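Because only heavy atoms are used, hydrogens play no part in the values below, and waters and symmetry mates are left out as well, while side chains stay in. Chain naming here is simple, since letters A, B, ... match the order of the sequence lines and numbering starts at 1 in each. The model shown is predicted, which means the values in this text are computed figures rather than measured ones.
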Amino acid sequence: MDKKVRVRFAPSPTGGLHLGGMRTVLYNYLFAKKYKGDFIVRIEDTDQSRYVAGAEEYIFDCLKWCGLEPNESVQHGGSYGPYRQSERKELYRKYAEQLVNDGYAYYAFDTTEELDKMRNDFKTEKNPSPQYDHSIRTKMRNSLTLTDTKVKELLATNTRHVIRIKMPEQESISFTDMIRGEVNFDSSLVDDKVLLKADGMPTYHLAVVVDDYLMEITHAFRGEEWLPSAPVHILLWKYLFGIEKMPEWAHFPLILGPNGKLSKRDGAKYGFPVFAMNWTDPKTGDLTEGFKEKGFLPEAFINLLALLGWNDGTEQEIFTVDDLIDKFTMERVHSSGAHFDYEKAKWFNHEWIKKLEVSGLRFPVGELLTKNGFIVSDETYLDKVIELVKDRCTLLTDFIEQSSFFFATPEHPDLDTIKSKWNDQKQLFFRELIRAYKLLSLWNTVDLEKTFKEIAAVHQLKPGELMLPFRIMLVGGKFGPGVFEIADVLGKTETLKRIEKTLSLLS
RNA sequence: GGCCCGUUCGUCUAAGGGCUAGGACACCACCCUUUCACGGUGGUGAUACGGGUUCGAAUCCCGUACGGGCUACCA
């Protein structure tokens with residue numbers, strides 16, 4: 001590639017960032033880094049009626065959580081700004097008017113009511129959604145049907161109007177998609193999309209072309225839902241800047257839920273997160289759960305996202321970001337949609353928890369425990385706990401249950417489990433155990449187990465019958481790592497305290 | 001309805017003319033484990049259908065079916 005690679009993610013700040021959006025971010029980022037290019041984030045906020053407070057900042061928070069930092073954006077600066085389309089408003093009219101002057105677009109004065117009427121009048125069983133196209137435009141109020149003087153008069157009196165592209169008839173429009181290969185369209189089947197809205201803002205169609213040009217974007221990636229409007233964008237490139245300047249396109253396959261395109265409703269309905277991070281709708285107050293808060297590691301989130309529509313051709317499934325940058329190619333991105341499988345997503349997270357060094361878990365786990373009311377003061381102690389329980393945690397939130405007993409004496413130990421087979425002999429055993437443990441000069445897993453078994457032998461008891469009660473005393477329930485490892489980490493004082501406490505509860 | 005995209009185990013996918021169609025998740029069984037997991041071994045399970053092209057097709061072509069997307073002064 002001769003020119004420096006420049007790619008952009010262009011979100012509309014209207015709410016949470018879902019899986020599909022995050023994957024688009026990831027693929028953009030990977031592509032940019034692979035070719036030593038720049039990754040730009042451009043905020044597409046041309047629809048003022050859909051403004052949602054906080055949505056823009058939220059998007060950047062999600063990127064930050066994943067470590068996918070842009071080179072240029074509203075927050076990162078750059079020399080192609082502004083990076084918010086609402087701040088670029090004045091730029092677009094010029095291009096729209098240039099298209100009108102060149103005969104590629106026209107003014108349309110139709111009101112919303114008139115458009116509704118048209119759609120209603122021309123609606124038939126065979127054509128349930130009539131389009132404002134070459135056959136309809138001659139029947140509407142626009143600069144193609146009105147006289148020049150009338151048009152000038154309407155413009156002079158500031159009559160509300162839009163600018164629409166004039167789609168040519170019977171022209172074959174084609175382009176080569178990096179993933180799908182050649183895609184063809186018949187121009188007469190595409191409608192005259194609005195380019196400039198009555199409020200002076202551009203629509204996506206105009207803005208994406210103008211901004212990709214001005215920002216010197218070399219590769220434009222977006223979801224498959226944009227494929228049908230590609231002919232409009234191609235024509236605009238041809239009319240405005242020359243088709244040879246157009247970036248290369250790739251349309252990513254959709255991420256599907258149980259019923260078509262994944263939506264945030266699917267998450268609520270089937271009990272899995274859809275957004276990267278928790279999102280609270282400022283208007284309704286509704287909270288939509290995020291992967292972060294659900295207990296996912298960013299490493300795992302990125303990993304699972306990458307594999308939803310791409311693979312490197314081998315059987316490798318666990319990738320670091322650097323791995324991905326190295327191996328990612330657009331040619332290996334699929335053209336078919338992928339269903340999101342939450343079970344597999346959890347598997348990725350589990351793999352990452354097991355794979356990560358304790359140092360990589362220390363911060364998120366410590367934070368989580370603290371937030372749940374546990375007092376985590378000793379980092380070395382926390383590290384030991386994490387090392388001991390990490391293999392049994394699928395989600396970060398599992399650390400709460402799996403390690404809570406290391407930070408607080410179990411409030412309600414499962415005494416019933418002990419009681420059913422409890423007797424004086426066992427009571428005696430534990431009294432003896434306390435005495436022996438008190439005398440232990442070395443407090444480690446091996447000696448704890450050795451002593452335990454020696455005393456059991458003396459009392460003619462099977463260690464197996466005693467280990468479960470011991471576990472209940474230390475853990476509170478039937479789960480967790482090996483009992484002697486637990487006792488080791490807990491330390492002498494706490495271990496003895498817990499045995500004593502349970503013994504008194506039993507008598 | 002029209003246009004566009006797609007179709008390998010339930011799910012994510014490998015195999016880009018020559019295999020007993022491979023792996024992973026999930027599921028089941030067994031092993032390991034004096035708890036629960038981890039781990040290990042094995043198992044169930046797929047080329048949508050019909051035509052071509054070819055010595056040979058999951059793979060190339062056509063049709064059908066099915067799925068999805070788009071069809072706003074939303075992105």
Quick one: which of [options] gets closest to the side chain of [X]?
X        : options             : result
A:Glu351 : B:G39, B:A72, B:C12 : B:G39
A:Arg471 : B:U13, B:G69, B:U35 : B:U35
A:Leu308 : B:C38, B:A72, B:C12 : B:C12
A:Arg332 : B:A14, B:C73, B:U34 : B:A14
A:Asn311 : B:A14, B:C4, B:C70  : B:A14
A:Tyr204 : B:U7, B:G2, B:A75   : B:A75
A:Asn127 : B:A72, B:A14, B:G1  : B:G1
A:Glu317 : B:U71, B:A24, B:A75 : B:A24
A:Asp47  : B:C25, B:A75, B:U35 : B:A75
A:Glu44  : B:C12, B:A75, B:G1  : B:A75

Within the structure, does a side-chain N or O atom of [X] lie under 4.0 Å from either OP1 or OP2 of [N]?
X        : N     : result
A:Lys390 : B:C38 : no
A:Lys344 : B:U13 : no
A:His251 : B:C70 : no
A:Arg50  : B:A75 : no
A:Lys197 : B:C74 : yes
A:Asn184 : B:C4  : no
A:His339 : B:U11 : no

NA contact type, [X], heavy-atom cut-off 4.0 Å: base, sugar-phosphate, or nothing?
X        : result
A:Val162 : base
A:Arg222 : nothing
A:Ser129 : base
A:Gly480 : base
A:Arg164 : sugar-phosphate
A:Leu115 : base
A:Val183 : sugar-phosphate
A:Phe185 : sugar-phosphate
A:Ser229 : nothing

Hunt down the Watson-Crick or G-U wobble partner of [N], both distances under 3.5 Å, from any strand shown, or write none.
N     : answer
B:C19 : none
B:C30 : B:G40
B:C49 : B:G63
B:C25 : B:G10
B:C74 : none

5' priority, RNA chain B, between A:Ala345 and A:Lys126 [closest heavy atom] =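 Its nearest nucleotide lies further toward 5', so the answer is A:Lys126.
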Given that A:Thr111 and A:Gly482 both sit by RNA chain B, which one's nearest nucleotide is further toward the 5' end?
->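 Its nearest nucleotide lies further toward 5', so the answer is A:Gly482.
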Do A:Lys193 side-chain and B:A72 base share a donor-acceptor contact under 3.5 Å?
->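 Checked by distance alone, the answer is no.
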Taking 4.0 angstrom as the limit, do [X] and [Y] come out as a salt bridge?
X        : Y        : answer
A:Glu113 : A:Lys117 : no
A:Glu44  : A:Arg88  : no
A:Arg137 : A:Asp192 : yes
A:Arg141 : A:Glu114 : yes

How close or far is atom [atom2] of [N] from atom [atom1] of [X], stated in whole angstroms?
X        : N     : atom1 : atom2 : result
A:Asn303 : B:A24 : CG    : P     : 16 Å
A:Arg180 : B:G6  : CZ    : C1'   : 8 Å
A:Glu449 : B:U33 : CD    : C1'   : 12 Å
A:His334 : B:U13 : NE2   : P     : 5 Å
A:Leu195 : B:A72 : CG    : C1'   : 14 Å
A:Ile255 : B:G6  : CD1   : P     : 18 Å
A:Asp191 : B:G1  : CG    : C1'   : 15 Å
A:Glu225 : B:A75 : CD    : C1'   : 9 Å

Okay, side chain of A:Asp398, backbone of A:Thr394: is any donor-acceptor separation there less than 3.5 Å?
->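 Yes, the answer is positive, given that a donor and an acceptor are paired below the 3.5 Å cut-off.
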Is the distance between the ring centroids of A:Trp226 and A:Tyr204 less than 6.0 Å?
->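 Ring centres of A:Tyr204 and A:Trp226 closer than 6.0 Å.
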With a 6.0 Å cut-off on ring centres, are A:Phe175 and A:Trp237 close enough?
->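 So the answer is no for these two rings.
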Can you list the steps and then say if A:Phe301 with A:Phe348 is a side-chain contact (heavy atoms from CB on, under 4.5 Å)?
-> CA-CA 8 Å; A:Phe301 186 52; A:Phe348 275 110; over 6 Å; no
Taking the six-membered ring of A:Trp347, is the NZ or CZ of A:Lys344 close enough (under 6.0 Å from the centre) and on axis enough (within 45°)?
->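 A:Lys344 over A:Trp347 ring: yes.
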Taking atom C1' in both B:G23 and B:C62, what distance in whole Å separates the two?
->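 Each nucleotide's C1' atom is 33 Å from the other's.
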